[in-house]
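Just so you know, these numbers use all the heavy atoms, side chains as well, and skip hydrogens, waters and symmetry mates. All values derive from a computational prediction rather than experimental measurement. Below, chain A is the first sequence line, B the second, and so on; all start at residue 1.
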Amino acid sequence: MTLEHIRPESLHDLLKAMDTADYTLFAGGTDLMIRKRQWQGASRRFEEPIAFINQLKELRGIEDLGDHYRIGALTTQEEMATSGILPDYLRDPYHQMATLAIRNIATVGGNIINAASVGDSLPLLMALDAEVVLESLAGERTLPVTELIIDKYRTRRKSNEILTRVMIPKEDFTGYYYKKLGQRKASILSKLSIILLYRKKETLEDLRIAVGAVNDKPVRLPAAEKTLLATGDLAGYLKSLSEAFESADDKRSTKEYRETVSLALIKQELEKLFS
Amino acid sequence: MTMVSFIVNSKPVTLETDLSRRLLDVLRDDLGLTGTKEGCGEGECGACQVYLDGDLVNSCMVPMANVIGKSVLTIEGFSETEAYRQIEAAYIEEGAVQCGYCIPGMVMATGALLRSNPHPDLEAIKDGLSGNICRCTGYQTIFKAVERASKEEVKK
Amino acid sequence: MKITDVVNRVDTQEKIRGAAQYIEDIPFDNLHYARTLRSTLPKGKILKVAYPRGFPGITVVDAGDILARNEVSMVTTDMPIFADGEVNYVGEAIALIVGRDKDEIIAFMKGIEVTYDPGTPLFTCDDAEENLFTRRHYSKGDLASLEGLEVFEGRYRTPYQEQLYMEKQGVVAEVKEGVVEIFGSMQCPYYVVNALKNALDYPEEKIRVVQTVTGGAFGGKEDYPSIMACQTALAALKIKAPVQLVYDRREDIQFTTKRHPSDITIKSYYREGRIEGMKIDVGIDAGPYLGLSDVVLQRAILTMTGAYGVPHLEVSGTVYKTNNIFNGAFRGFGGPQSLFALESHMSQLAARLGVDPLDFREKHFVHQGELTSTGGRFHEEIHLEEMTRILKEMSGYPHLARDGRGRLVGYGVAVVPHGGGFTGDGEAEHIKAVVKLRKDTEQFIHILVSNVEMGQGALTALSKIVASALDVPMERIIYKNPDTRLVPDSGPTAASRTTMVVGRLLYDAALKMKDALEEREEVVVTEHYHQPAYLAWDQENLRGNAYLSYSWAALLARVEVDPVTLEVTCTDIHGVYDVGLPIDEKMLLGQVHGGVIQGLGYGMMETMDSKEGLIQHNSFSSYAVPTTEDIPAIHTRWLINPYIEGPFGAKAAGELTLVGVAPAIATAVADALGREIYEIPVLPEKLLKVVKS
């Protein structure tokens, strides 16, 4: 029997349906609509049953809970970009994603669960040690974004689970560096993105670095970051990073460019920080 | 097929359609609102832009499931408003229209920009229209048109 | 009204309101849709096409439905309407699948199985005999006499460029009382008429072609609509209902014509800082059919010495036959390729000689009365020195600032011509334009020409010329999208000829009508093209005046290059343009801005690779064209230099604005990096290799 598409009115109804059958979850749809793209006017054929979830208001909103931000999975990217609650290091990367008309419908949760290698929120969330809450009829579990993402388009979400919210620890970073490179200056998929967050008062107290769109999964090396922070050995960190890269030539860029330029940009920023 | 109800250009509409059908196709094929164009069909060019509950969206990326109970404004509806008249006059005066295919979307984006930022500088104009591709004008006259529209007082 | 009056474009308001009807917006009763079954192989024999059963609503239209000739008649007739037994490129049309329901068409197409006997495709431009379409050659002076001079040789490569008009290709064919009617987005209604006459063996009375509001073309809708019209006409005749063929965007990007990739070698022989001779070899990739490619090659080689007088020349060019995509017209038509090579070469040699690139160019500028590269004579005034002076003044040259906020700053220049109208005596020998002006009894004046508005402003420019010549208000002029039942063949909307050639004919017609303007009855004036007396051309040997007139541009680009990422930002384009007398400055500025940004895309970012004959960058997301954030400040000045044969002194403008931009930007990037660049676009990935080498 083929299942109908559903459009549940509550999270509970959704979880009940997901407990009995596999649904593809459809939030803003900015990725799924392209995957199913078709001749103008023809139907978008989803062979698998779809659960449309964008109407679930309980999954939307940004809250400051003191020690962390709680972001509902259906919060749009534009709500992130223009939030009066969030700091610039969070808003800026979201603002540079796609364009206004897409950010108005694309969701925070969608960009995570889609797990594209070019998903611009992933390096940011990994650098921030963000966690996601996955909910099923059986209950909730919490997973760091780093663990959730396996590699390109693959996550550890089970088919009866939905990502309901993202928990982002609040940090008193004193500065950040964000660079997104594409084939043009705006409205473009990344060929490389770098986020660098730090707290520097008398000394450099905290430092996070993540690189997106190079490997299938964004690269962050927490152990190497710790060593770097302790020793100031830039060359050692860059060597670890270079060894972690496994890029390839594709339509957007080349392995040589991505790896050379990431290392050069990070080196340049680190030299400023450690000077 | 599902019955869906929503509002288009201030009028309630109910029709039977597939939930995964694009808002763009419903506007053009079911409702005859052909001012909204398909340029690329994948959210990159902005020719299909409309307002969904007031927010600028690419109607080629919105399935009908996400339109239920919402309000859609297309160029046909927007062109009845005061805010539009100002923009139209500025586009004409600056010679900002060539082939015209991107223009309804560009005008929707202009309206959204001026609503959130009534007096944008050049940088803000470029940012606000970066999701709309025009292959004819090189955008220069469009920037000028937005500037001009932002300078004139809306006549009530 | 006067030609100097400031006007607004006449077609703007309905476009802004979304009321203008492009082909896909027009309702037809009982409209059927068509989708193209395409070859998946670059070369092979079709052994069998197996269609699925159980689709009563579907009709297949293919080579078996040909009525007279399976040929798309353009310059040649070597392209079939539908593949007949063999395919020669990926995407070649095998059949149209026609039905009322798009979902049913898609389902039917999923069930089609095509069996091929694969052949051996050719993807590179090698000099093997089976790889050649045409070779052209011309010479001047005696290059051999320069043996022993110093030489500088460079090899330049340019890529595909996609027109990316915002409205996809589209036509509707309908048969009414035995007449085949084509409605569609197109540049050249009579090209379509001629293609249908040949394909159907119909007399002209049984064919009607109507241009619908056209959402950009840039050359892409010059030849291609003829193919679609032939296919849909056969479909409409078969099913006896209107058939709409509108491409999907990715289909349009992958399978319709592009700008020809080129491979150009220039060898300069020089003495005491002056080039005495050049040996030039131009190769372009046509794809599997000749189409317009030989004409593109001619413009490429005839543009090869640009704005410069070179005493001794050997210029040869080759059109290569491959199993890549079939290429065609794109704004500039061979010029952008030649001028990228030439202008890069000039700046490189200047740098090697340690002289200023503008001073070096100035030494070589052509002048009125001198011989052209093909032995014709420059009969018009040429003001290149004055244009260069204005360029220097407006840009602050030579005190250009090198401060780029930590970025590398570079400047590049280009001084380029564009020959207006068809090459040589093409206007008189092939086009033979006819225009009509009709004054009706209500005193409205109708412009009856086959030239179209495609965004460039033809409706406004031609209306303004006629209104000014008659000294009547613009409101009295009526100029509708051409319907070949009503308008004579005034030629294609191409080659920057509409204002200059067709506009002049209308101007002459208007002057003849002027005396009859106040008469009550209808008045019709017909005007035929006559070649100016100064023009003489030998097409076989490419000798004489290659163009009716030349328009000129002097450009300076300023770029900033990020020293780490090698990203290029073009911050300013300064340009001085000689387009004769600008008919309407506001509209011409639109042409300048649009041409500059298409040229910027060509030089900086637009990337299109082909793998085994299949275009890889097939969408708006992978084929990146400039958006608002990529736009430099564009500074424009006119050099007023009326052309005696043009209406009110106007010359060609549309293509000129594009052709010099890529070399100006590429040489600016080379200047910033202190390296030589031989290939566009100047992608950071390629610059990384240049810097590392």
Check the surroundings of atom [atom1] in [X]: do more than 12 heavy atoms from other residues, nucleotides or ligands lie under 6.0 Å from it?
X	atom1	value
N30(C)	CG	yes
K239(A)	NZ	no
K611(C)	NZ	no

What part of [X] lies closer than 4.5 angstrom to a heavy atom of chain A: side chain, backbone, both or neither?
X	value
S619(C)	neither
V625(C)	both
I105(C)	side chain

Heavy-atom pair count under 4.5 Å with chain A, highest-scoring of [options]:
options	value
V568(C), V246(C), I106(C), D101(C)	I106(C)
K168(C), E24(C), E606(C)	E24(C)
D562(C), L683(C), L566(C), L688(C)	L688(C)

Q) So do Q38(A) and D103(C) actually touch side chain to side chain, heavy atoms under 4.5 Å? A)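 Result no, sub-4.5 Å side-chain heavy-atom pair not found.
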Q.
Is R252(A) close to chain C through its backbone or its side chain, or both, or neither, when contacts mean heavy atoms under 4.5 Å?
A.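 The answer is the backbone of R252(A).
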(Q) Report which part of I34(A) has an atom under 4.5 Å of a heavy atom belonging to chain C: side chain, backbone, both, or neither. (A)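 Answer is side chain: those atoms of I34(A) sit under 4.5 Å from chain C.
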Q: Nearest 0.5 Å please: distance from the OG1 atom of T628(C) over to the NZ atom of K185(A).
A: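 These two atoms lie 12.0 Å from each other.
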Heavy-atom closest pair, residues [X] and [Y]:
X	Y	result
Q183(A)	S622(C)	NE2-O, 3.1 Å
I188(A)	A624(C)	CD1-CB, 4.0 Å
R184(A)	F620(C)	NH2-O, 4.3 Å

Q | Option among K180(A), K179(A), K191(A) that satisfies the salt bridge (Lys or Arg N to Asp or Glu O under 4.0 Å) test with E567(C) | A |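 When K180(A), K179(A), K191(A) are each tested with E567(C), the salt bridge (Lys or Arg N to Asp or Glu O under 4.0 Å) holds only for K179(A).
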Q: Taking heavy atoms only and a threshold strictly under 4.5 Å, list by residue number the residues of residues 254-272 of chain A that touch chain C; give 'none' if the list is empty.
A: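 The residues closer than 4.5 Å to chain C, in numerical order, are T254(A), E256(A), Y257(A), T260(A), V261(A), A264(A), L265(A), Q268(A).
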Q: Tell me, with the steps shown, if K251(A) and T607(C) meet side-chain contact (heavy atoms from CB on, under 4.5 Å).
A: CA-CA 9 Å; K251(A) 278 190 261 189; T607(C) 305; over 6 Å; no
Q: Select, from S43(A), G182(A), G41(A), S187(A), the one with the greatest count of heavy-atom pairs under 4.5 Å involving chain C.
A: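 Most heavy-atom pairs within the cutoff with chain C belong to S43(A).
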